[in-house]
Amino acid sequence: MTGCIIFLSILLLLFLLTLVRVGVEFSYGEEGISLRLRLGRFHITLLPQKPKSEKKPKKAGEKKAKKEKAPQETSDEEQKKGGLPLPLMELISLAIDAVGQLLSRLQIDTLEIRYTIAGKDDPANAAIQYGMICAGAGGLMPVLENTFYCIKRRDIDARVDFDARESLIWLRLALSIRIGQVLSIALRLGWRFLKSYLAHQKEQQKEYQEGTKHGTEASNQ
């Protein structure tokens, strides 16, 4: 009975793990680029990186004992031989399918764009830019909605500052997907790749056997 409870607990834990969302968050503004990875409620900052601590200078009497190792030369016999490549079109098809399935399950948690157009030097040009940006944003949103699973939060704002000489932009984009969805895509595409690889190997083996057979018949003649 205890073993059954432990097994069911493990299954429940694995199921809950597949519901956890993983993702990435990108932002750009006055402080520069920020990039963070997300695992559930935990975040790992990739950019900006923390400054490395300065190394302490070595003492004057300290000697260097490190010796440079000569690079080992590998002979042609030791080098591994490559195998025959898989059909290129099949690999391209798998890659396109993987990207399509991934995008269709990705969720845009946050999409924020705030663009301030400088209009002090050329107000007419700033007004033209404002109109182009509004039109571009209106055409971009349907494309994003059809490409990604959904957009939970969006805030796109463009304005003209007739007192500013430099345009400013602030951007924040957060994407996420459930671990279970990633595993599902990986298993389906992995099975397709395995079937393609086995079929390719079988075809190559058949061609090799036929070539060996023809070579043997030619030598006997």
Side-chain angles (χ1 to χ4, degrees), residues 1-56 91-117 133-134 136-159 161 164 166-194:
M1 186 66 181
T2 305
C4 182
I5 294 175
I6 294 174
F7 178 71
L8 291 177
S9 300
I10 293 174
L11 286 181
L12 178 61
L13 181 62
L14 292 175
F15 173 73
L16 294 176
L17 184 62
T18 60
L19 300 179
V20 175
R21 302 195 73 86
V22 294
V24 62
E25 181 179 323
F26 171 84
S27 64
Y28 175 76
E30 185 179 1
E31 298 179 354
I33 295 176
S34 174
L35 183 64
R36 297 196 304 172
L37 292 180
R38 170 189 167 191
L39 178 60
R41 295 185 177 274
F42 299 96
H43 293 83
I44 301 173
T45 301
L46 301 180
L47 293 173
Q49 296 181 348
K50 295 182 179 179
K52 297 181 180 179
S53 57
E54 296 182 359
K55 295 182 180 178
K56 296 181 179 180
L91 292 177
I92 294 176
S93 175
L94 281 172
I96 294 175
D97 196 7
V99 173
Q101 291 191 38
L102 188 63
L103 289 178
S104 64
R105 287 163 176 78
L106 269 175
Q107 175 179 286
I108 299 181
D109 299 315
T110 304
L111 175 60
E112 296 181 9
I113 303 174
R114 296 173 187 171
Y115 188 44
T116 303
I117 306 169
I133 291 171
C134 292
L140 178 63
M141 293 311 302
V143 175
L144 294 178
E145 291 173 351
N146 292 330
T147 302
F148 294 91
Y149 177 70
C150 71
I151 303 176
K152 291 188 67 176
R153 182 172 180 268
R154 72 186 76 175
D155 183 9
I156 300 177
D157 180 41
R159 63 186 64 184
D161 187 354
E166 292 182 353
S167 299
L168 299 174
I169 186 170
W170 187 86
L171 168 67
R172 184 185 175 199
L173 175 64
L175 304 170
S176 67
I177 188 173
R178 290 201 302 268
I179 293 178
Q181 293 174 318
V182 177
L183 292 176
S184 175
I185 295 172
L187 288 174
R188 284 200 298 268
L189 295 179
W191 175 246
R192 277 184 55 188
F193 176 80
L194 181 60

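Numbering starts at 1 and runs along the sequence shown. What you see is a predicted model; the values in this text were computed from it and never measured.
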Without swapping roles, check the side chain of Arg105 against the backbone of Gln181 for a donor-acceptor pair under 3.5 Å.
no
Rounded to the nearest 0.5 Å, how far apart are CE of Met141 and CD1 of Ile156?
4.5 Å
Please evaluate residues Arg38 and Glu25 with respect to the criterion side chain to side chain contact (heavy atoms under 4.5 Å, CB included), reporting the C-alpha separation (whole Å), side-chain torsions for both, the decisive distance (0.1 Å), and the verdict.
CA-CA 7 Å; Arg38 170 189 167 191; Glu25 181 179 323; over 6 Å; no
Could you tell me the separation between the OH atom of Tyr149 and the CG atom of Leu102, rounded to the nearest 0.5 Å?
14.5 Å
Checking side chain to side chain contact (heavy atoms under 4.5 Å, CB included) for the pair Phe26/Leu175: CA distance, chi angles, key distance, verdict?
CA-CA 9 Å; Phe26 171 84; Leu175 304 170; over 6 Å; no
Just wondering, do Leu13 and Ser9 contact through their side chains at under 4.5 Å, heavy atoms?
no
If you measure from CG on Asp157 to CZ on Arg154, what distance do you get to the nearest 0.5 Å?
14.5 Å
In short, Leu111 meets Ile108 closest at the heavy-atom pair CB-CG2, 3.9 Å
Of the non-hydrogen atoms in Ser34 and Pro48, which two are nearest, and what is the gap between them?
CA-CD, 4.3 Å
Could you check Leu8 against Leu12 for side chain to side chain contact (heavy atoms under 4.5 Å, CB included), going step by step and ending with a plain yes or no?
CA-CA 6 Å; Leu8 291 177; Leu12 178 61; over 6 Å; no
Any chance you could measure Thr147, atom OG1, to Leu140, atom CG, to the nearest 0.5 Å?
9.0 Å
CD1 of Ile33 to CG of Leu46: how many Å apart, nearest 0.5 Å?
12.5 Å
Taking the side chain as every heavy atom from C-beta outward, state whether Ile117 and Ile133 have any atom pair closer than 4.5 Å.
yes
Could you pull out the closest heavy-atom pair between Arg178 and Leu19, with the gap in Å?
CD-O, 3.5 Å
Given side chain to side chain contact (heavy atoms under 4.5 Å, CB included), test Ile44 with Leu39 step by step and report yes or no.
CA-CA 8 Å; Ile44 301 173; Leu39 178 60; over 6 Å; no
Surrounding OH of Tyr28 (heavy atoms of other residues, nucleotides or ligands, distance under 6.0 Å), is the total greater than 12?
no
Nearest heavy-atom pair of Ser167 and Tyr115: which atoms, and what distance?
CB-OH, 3.8 Å
Shortest non-hydrogen pair, Arg41 vs His43, comes out as O-ND1, 3.6 Å
I want to check something: taking the side chain as every heavy atom from C-beta on, are Trp170 and Thr116 in contact at a cut-off of under 4.5 Å?
no
To the nearest 0.5 Å, what is the distance between OG1 (Thr45) and CG (Leu47)?
9.0 Å
Asp97 with Arg188: basic N within carboxylate O range, under 4.0 Å:
no
